Amino acid sequence: MRKARRQSPEGLLKHNLDMCSRHGDLVEALRLYDEARRDGVNLALHHYNVLLYLCALDGERGSNLQRGFEIFQSMVMDKVVPNEATFTSAARIAAAKEDPDMAFDLIKQMKGFGILPKLRSYGPALFGFVEKGMAERAYEVDSDMVANGVVAEEAELSAILKVSVSAKHAHKVYETMHRLRAVVRQVSETTAGIIEGWFQCEMAAKVGEENCDVRKVKEGVVKGGGGWHGQGWLGSGEWRVVRTHMDGAGICQSCGEKLVSIDIDPKETENFAASLTNLACQKEVKADFVRFQLLDYMHICECSYMNCWKIVFPSFGVAPEVWSVDAVVDGANVGLVSMHTFSFYQLNSVVKQLRQMSPSKRLPLIILHKNRVTGGPAQHPNNKKLLDHWKNSGALYATPPGSNDDWYWLYAAVSCMCLLMTNDEMRDHLFQLLGTTFFPRWKEKHQIRLSVSQRGPTLHMPPPYSIVIQESEKGSWHVPTITGDDLETPRQWLCATRPKDTSL
């Protein structure tokens, strides 16, 4: 049955169009399409979507746009029900024809089919209006996104910022700066350039409240959790905007202002730990992960009782155990930093440093895959003695064969509300599942990183300030960029101040 479908005219057309899509071959796809129409082959949704995708792709290079619209009309005439991908490709074709109004209209048509637009659906219309300098129309697209629960990311917010700066809409620039603060945190060079352009323009110098309500500004800071007030532009006169760095204490090397550390709500941490558990149980063998949370941790708790470890782990139908650690170590990562092979010596050096730094002088919890604990270098007498010491101290957890130890060390650190020692940037697909709202803030406050030189390993503690766009009570702005990482090279910041900052 399946073979017959594959060898049917429709099945062969699907296969051939998929090959065209893989190689970006619109010319051959159109030939196949014309041939299929001539031979009376019934085209389905997938056929049309591949053709529209290729037309949109080629349309960005300036040709075959009209064929794309003709194919879309044929689809409508054939009464083939479209999906989100259909409308998004059609919107891209419209945008390539420099018709953002049509692209936006196509998004609105989606709702008539009960289809919810995605972020990518809005791009053609939004970017099209921005390129034409049509600020109000761009804001309409943005409002529609918000109404449909679609969260703009940096590309979209940067576009809105760009058109707002061009239109000299100071209030929209202010609003978008705060949306960038909430969603993006550190900005790309493109966005940083747009922000610089705003602070350097004449309009920026003209706006600002010189005699602001001090009480409201302070209330805004408290309500927002620190780092911003949301009361509008403060101060008067031209802005001084420079590229600079922060020192280890978070003091701006240009204006001397000290950045703040923005607190994380404990309830957010609790909710994040619960969502992390759900994801881990989906990706890992559930019994192994639950055992890690309850049974094996009960053993670690017993071994560590004399150390008075104290942490609460979420319950799974039984009373949670209470114990704690000051730090969790991603053992595999730490043992391999700047090494060709795994080094227990390096790992132990880091563990010793963490223990020395601990107020209670307790060992951190070391997470290692079982293979690291039983095979290879682990069989060396010195390493075996070290592992036995960690085990007897309740400081070692060996993750089961076939497991991903990332889930284990991350869950332990989040649940324990303690520091995490790893150089893993946590950017792959696994960590993307955790979202971009809470996780980057948690990582910033809890991740210890490692550098290795001839003098040995050096630990880099989390910064005592938040690496996020900050608006001070004085009216100045500090914007972190993605240039630099504060490990090998200092992170670059934009510092925007006025000679007459509002002094509170």
Side-chain angles (χ1 to χ4, degrees), residues 264 266 268-305 307-316 318 320-335 347 350-351 354-355 357-358 360 362-370 372-373 387 390-391 393-400 403-426 430-431 433-434 438-439 441-450 459 461-462:
I264 293 177
E268 286 186 282
T269 303
E270 183 182 327
N271 292 339
F272 182 69
S275 66
L276 181 59
T277 298
N278 292 335
L279 279 169
C281 287
Q282 291 172 26
K283 301 295 179 181
E284 292 291 306
V285 175
K286 185 174 181 179
D288 288 339
F289 196 75
V290 172
R291 188 180 299 115
F292 168 67
Q293 295 173 295
L294 300 174
L295 304 179
D296 288 315
Y297 268 41
M298 287 169 65
H299 170 68
I300 294 173
C301 180
E302 291 168 3
C303 293
S304 310
Y305 178 74
N307 289 338
C308 301
W309 289 2
K310 184 181 180 184
I311 282 282
V312 178
F313 278 78
S315 163
F316 285 82
V318 297
E321 291 297 317
V322 179
W323 61 287
S324 80
V325 291
D326 292 325
V328 173
V329 180
D330 174 6
N333 180 276
V334 170
L347 175 57
V350 170
V351 168
L354 288 170
R355 184 175 195 174
M357 293 164 59
S358 167
S360 61
R362 66 172 66 116
L363 283 166
L365 174 62
I366 305 150
I367 305 291
L368 276 172
H369 196 276
K370 192 166 187 177
R372 298 277 186 196
V373 175
L387 286 166
W390 288 344
K391 288 176 186 175
S393 300
L396 177 68
Y397 185 86
T399 60
S403 66
N404 185 340
D405 57 357
D406 292 2
W407 290 113
Y408 292 79
W409 50 254
L410 181 58
Y411 175 80
V414 172
S415 296
C416 293
M417 294 179 283
C418 67
L419 296 170
L420 170 63
M421 176 70 250
T422 182
N423 269 21
D424 192 323
E425 289 299 329
M426 295 176 263
L430 181 157
F431 299 106
L433 295 172
L434 301 174
F438 175 84
F439 186 48
R441 290 187 287 137
W442 180 89
K443 186 172 73 167
E444 177 185 284
K445 282 184 168 291
H446 294 83
Q447 183 181 6
I448 308 172
R449 295 185 292 173
L450 174 70
L459 307 189
M461 302 303 289

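If you're wondering where the values come from, they're calculated on a predicted model, not measured in any experiment.
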Calculate, to the nearest 0.5 Å, the distance between atoms [atom1] and [atom2] belonging to [X] and [Y] respectively.
| X | Y | atom1 | atom2 | value |
| --- | --- | --- | --- | --- |
| His446 | Thr422 | NE2 | OG1 | 15.0 Å |
| Arg355 | Ser393 | CZ | OG | 6.5 Å |
| Ile366 | Lys391 | CD1 | NZ | 11.5 Å |
| Lys370 | Ser403 | NZ | OG | 10.5 Å |

For residues [X] and [Y], determine if any side-chain heavy atom of one lies less than 4.5 Å from a side-chain heavy atom of the other.
| X | Y | value |
| --- | --- | --- |
| Leu450 | Val350 | yes |
| Phe439 | Val414 | no |
| Leu354 | Ile448 | yes |
| Leu396 | Ile367 | no |

Distance-minimising heavy-atom pair for [X] and [Y]:
| X | Y | answer |
| --- | --- | --- |
| Asp424 | Trp409 | OD2-CZ2, 3.9 Å |
| Leu276 | Tyr411 | CD2-CA, 3.4 Å |
| Arg449 | Met421 | C-CE, 3.6 Å |
| Ala332 | Leu368 | N-CD2, 3.5 Å |
| Cys418 | Val328 | SG-CG2, 3.7 Å |
| His369 | Pro400 | NE2-O, 3.3 Å |

*Thr399 and Asp405: side chain donor to acceptor below 3.5 Å*: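 There is no such pair between these side chains.
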
*Given the rule in the side-chain contact (heavy atoms from CB on, under 4.5 Å) test, do Gln447 and Met426 qualify, once you have shown the distances and angles that lead to the verdict?*
CA-CA 10 Å; Gln447 183 181 6; Met426 295 176 263; 3.6 Å; yes

*Aromatic rings Phe272 and Phe438: how do their planes relate, parallel, tilted or perpendicular, breaks at 30° and 60°?*
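Taking Phe438 first and then Phe272, their aromatic rings sit tilted (interplane angle of 30° to 60°).
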
*Counting N and O atoms only, with roles assigned by atom type, does the side chain of Lys443 sit under 3.5 Å from a partner on the main chain of Glu425, one being a donor and the other an acceptor?*
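Checked: pair present.
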
*Quick one: does Asp326's side chain have a donor or acceptor within less than 3.5 Å of a partner on Ser358's backbone?*
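Not a single qualifying donor-acceptor pair exists.
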
*Could you check Val334 against Asn423 for side-chain contact (heavy atoms from CB on, under 4.5 Å), going step by step and ending with a plain yes or no?*
CA-CA 7 Å; Val334 170; Asn423 269 21; over 6 Å; no

*May I have the step-by-step check of side-chain contact (heavy atoms from CB on, under 4.5 Å) for Leu420 and Trp442, ending in yes or no?*
CA-CA 10 Å; Leu420 170 63; Trp442 180 89; 4.1 Å; yes

*Any salt bridge (Lys or Arg N to Asp or Glu O under 4.0 Å) involving residues 407-422? Give me the pairs, sequence neighbours left out, ordered by first then second residue.*
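Sorted result for residues 407-422: empty, none.
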
*Check the pair Leu365 / Val329 against side-chain contact (heavy atoms from CB on, under 4.5 Å), numbers first and verdict last.*
CA-CA 6 Å; Leu365 174 62; Val329 180; over 6 Å; no

